[in-house]
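Take a look at the structure set out below.
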Amino acid sequence: MIKKKIAIIGSEGQMGKWFSKYFIEKGFEVIAYDSEKEVVNKLVTKAKSLVGAILNVDYVILAIPVKRTPETIRLIAKEMKRDSYLIDISSLKLKTFSALSKIPDKVNPICIHPMFGPGTKKLKGQNIISIPIRDAKKELLMAKSLFPDATFVSIDAVEHDKKMAMILGMTHLVNLSLANILSKEENFTLVEKMSGTTFKAQKILTAGIMTESAELLETIISNPEIRRYAEELWKDIGRMLILIQENKSEEIIKYINVTKERLAKNVDLDEAYKKLIAMVNSVEK
């Protein structure tokens with residue numbers, strides 16, 4: 001049986017390594033290329049150039065910085081073989097959507113956003129977002145065939161970037177700011193000794209986000225759609241500080257209760273707290 005060939009562009013990045021391992025285990029022949037680092041994986045076929053990597057393969061995955069993705073799409077699409085698939089996994093989609101929309105008809109575009117990191121061991125329960133380019137049904141079926149254990153959500157590029165402003169943008173922005181504050185704490189050991197459940201969980205989240213590359217963090221928080229959420233956060237913090245300074249406890253309590261009531265319409269707060277406790281307890285075992 002002839003193995004399917006897949007090229008991983010950016011194979012030495014964290015997600016590039018994850019995809020290389022995943023497709024090797026799936027029985028693919030993996031062609032690896034990285035313009036920034038030497039390919040050291042002995043289980044892959046090392047390509048000497050970008051074009052050399054993509055010429056005769058069935059699939060190409062771009063695991064490269066978002067800012068380089070549209071230009072790379074334009075460079076390689078015309079060189080790829082007929083009926084091959086060009087797969088973009090970037091975290092922002094408007095510019096890559098535009099680039100994929102213009103590739104030659106001989107190449108099939110697949111635009112997905114894996115909502116998991118390189119530490120993921122199993123795909124079951126993990127979300128992958130699919131953004132239609134030409135043929136939504138065909139593209140989704142192909143993506144599902146490559147990642148059969150994942151859960152798929154389909155959405156257009158504009159809505160994708162809007163939702164990512166909240167899902168990724170705000171979480172990363174808030175935690176980046178918190179990481180900066182924590183990094184300046186002179187007696188962090190004492191803070192940890194004094195900490196309870198909430199801080200322990202928050203520290204794990206903050207520290208985990210800071211393991212991502214500076215380039216990825218910059219891309220995520222540079223999403224233009226983040227501005228309206230960030231401005232609302234800024235206003236709310238400012239409002240709270242003024243109310244605290246003016247000792248207006250009743251207004252603060254009212255703000256908290258109204259927010260809690262709105263959130264409870266979509267989130268089981270008691271169940272969330274149980275999961276928080278379980279998460280911290282499992283980490284501390």
Side-chain angles (χ1 to χ4, degrees), residues 4-26 28-81 84-100 103 107-120 123 126 128-131 133 142-143 146-147 150 157 160 164 168 172 209 211-223:
K4 289 285 188 179
K5 293 183 179 182
I6 186 166
I8 311 294
I9 309 303
S11 60
E12 296 308 292
Q14 292 302 307
M15 286 306 291
K17 290 178 180 178
W18 188 92
F19 281 111
S20 294
K21 182 175 183 295
Y22 175 83
F23 282 107
I24 288 170
E25 291 175 352
K26 290 291 183 181
F28 284 70
E29 179 182 346
V30 174
I31 317 299
Y33 176 77
D34 197 302
S35 63
E36 304 293 327
K37 301 175 183 177
E38 180 185 357
V39 177
V40 296
N41 190 341
K42 295 181 180 179
L43 298 178
V44 302
T45 301
K46 301 176 186 179
K48 295 180 180 179
S49 66
L50 175 61
V51 174
I54 58 91
L55 276 179
N56 298 300
V57 299
D58 304 290
Y59 308 90
V60 175
I61 287 188
L62 299 178
I64 58 178
V66 177
K67 290 180 179 178
R68 285 170 39 202
T69 301
E71 181 58 27
T72 303
I73 290 171
R74 287 188 283 270
L75 283 172
I76 68 173
K78 59 186 178 183
E79 306 294 342
M80 291 173 62
K81 75 175 188 178
S84 59
Y85 289 84
L86 178 51
I87 307 169
D88 156 59
I89 65 161
S90 60
S91 55
L92 293 178
K93 293 303 185 186
L94 279 178
K95 292 182 179 179
T96 53
F97 172 86
S98 177
L100 284 172
I103 65 175
V107 177
N108 302 291
I110 301 289
C111 189
I112 57 173
H113 183 184
M115 296 302 292
F116 54 84
T120 299
L123 273 184
Q126 300 294 338
I128 296 179
I129 302 172
S130 176
I131 292 83
I133 304 295
M142 177 51 68
L146 293 172
F147 307 101
H160 170 275
M164 286 305 115
L168 291 180
H172 283 62
I209 282 175
T211 64
E212 295 172 354
S213 71
E215 290 77 13
L216 178 58
L217 283 168
E218 187 273 335
T219 295
I220 289 171
I221 65 173
S222 294
N223 181 348

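Closest approach of Q126 and F116 over heavy atoms only: OE1-CB, 3.3 Å. For A32 against V44, the heavy-atom pair with the smallest separation is CB-CG2, 3.6 Å. Minimum heavy-atom separation, L55 to E79: CD2-O, 3.5 Å.
Using a distance-only test at 3.5 Å, with no hydrogens or angles considered, a donor-acceptor pair links the side chain of N108 to the main chain of S84. The closest donor-acceptor contact from the side chain of T96 to the backbone of K93 lies under 3.5 Å.
When side chains are defined from C-beta on, S91 counts as touching I220, because their heavy atoms get closer than 4.5 Å. Residues E71 and K95 fail the side-chain proximity criterion, which asks for heavy atoms closer than 4.5 Å. Using a 4.5 Å heavy-atom threshold, the side chains of D58 and K81 count as touching. Counting only heavy atoms from C-beta outward, the side chains of L43 and V30 never approach each other to under 4.5 Å. I54 has its side chain out of reach of I31: every pair of non-hydrogen atoms, C-beta onward, lies at least 4.5 Å apart. Two residues are said to be in side-chain contact when any heavy atoms from C-beta on lie closer than 4.5 Å; V39 and E12 meet this criterion. Contact check for L168 versus H113: side-chain heavy atoms found under the 4.5 Å cut-off.
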Intermediate values then yes/no, salt bridge (charged side-chain N to carboxylate O under 4.0 Å, His left out), R68 and E215: CA-CA 11 Å; R68 285 170 39 202; E215 290 77 13; over 6 Å; no
Working for side-chain contact (heavy atoms from CB on, under 4.5 Å), residues I8 and D34: CA-CA 8 Å; I8 311 294; D34 197 302; over 6 Å; no
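Rounded to the nearest 0.5 Å, atoms CD1 (I61) and CD1 (I87) are 4.5 Å apart. Between atom OG1 of residue T211 and atom CG of residue L217 there is a gap of 8.5 Å, rounded to the nearest 0.5 Å.
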Which donor-acceptor pairs under 3.5 Å do the side chains of residues 17-24 make with protein atoms, sequence neighbours left out?
unit_1, atom_1, unit_2, atom_2, d
W18, NE1, T120, O, 2.9
S20, OG, G16, O, 3.0
K21, NZ, E25, OE2, 2.6
Y22, OH, L146, O, 2.7

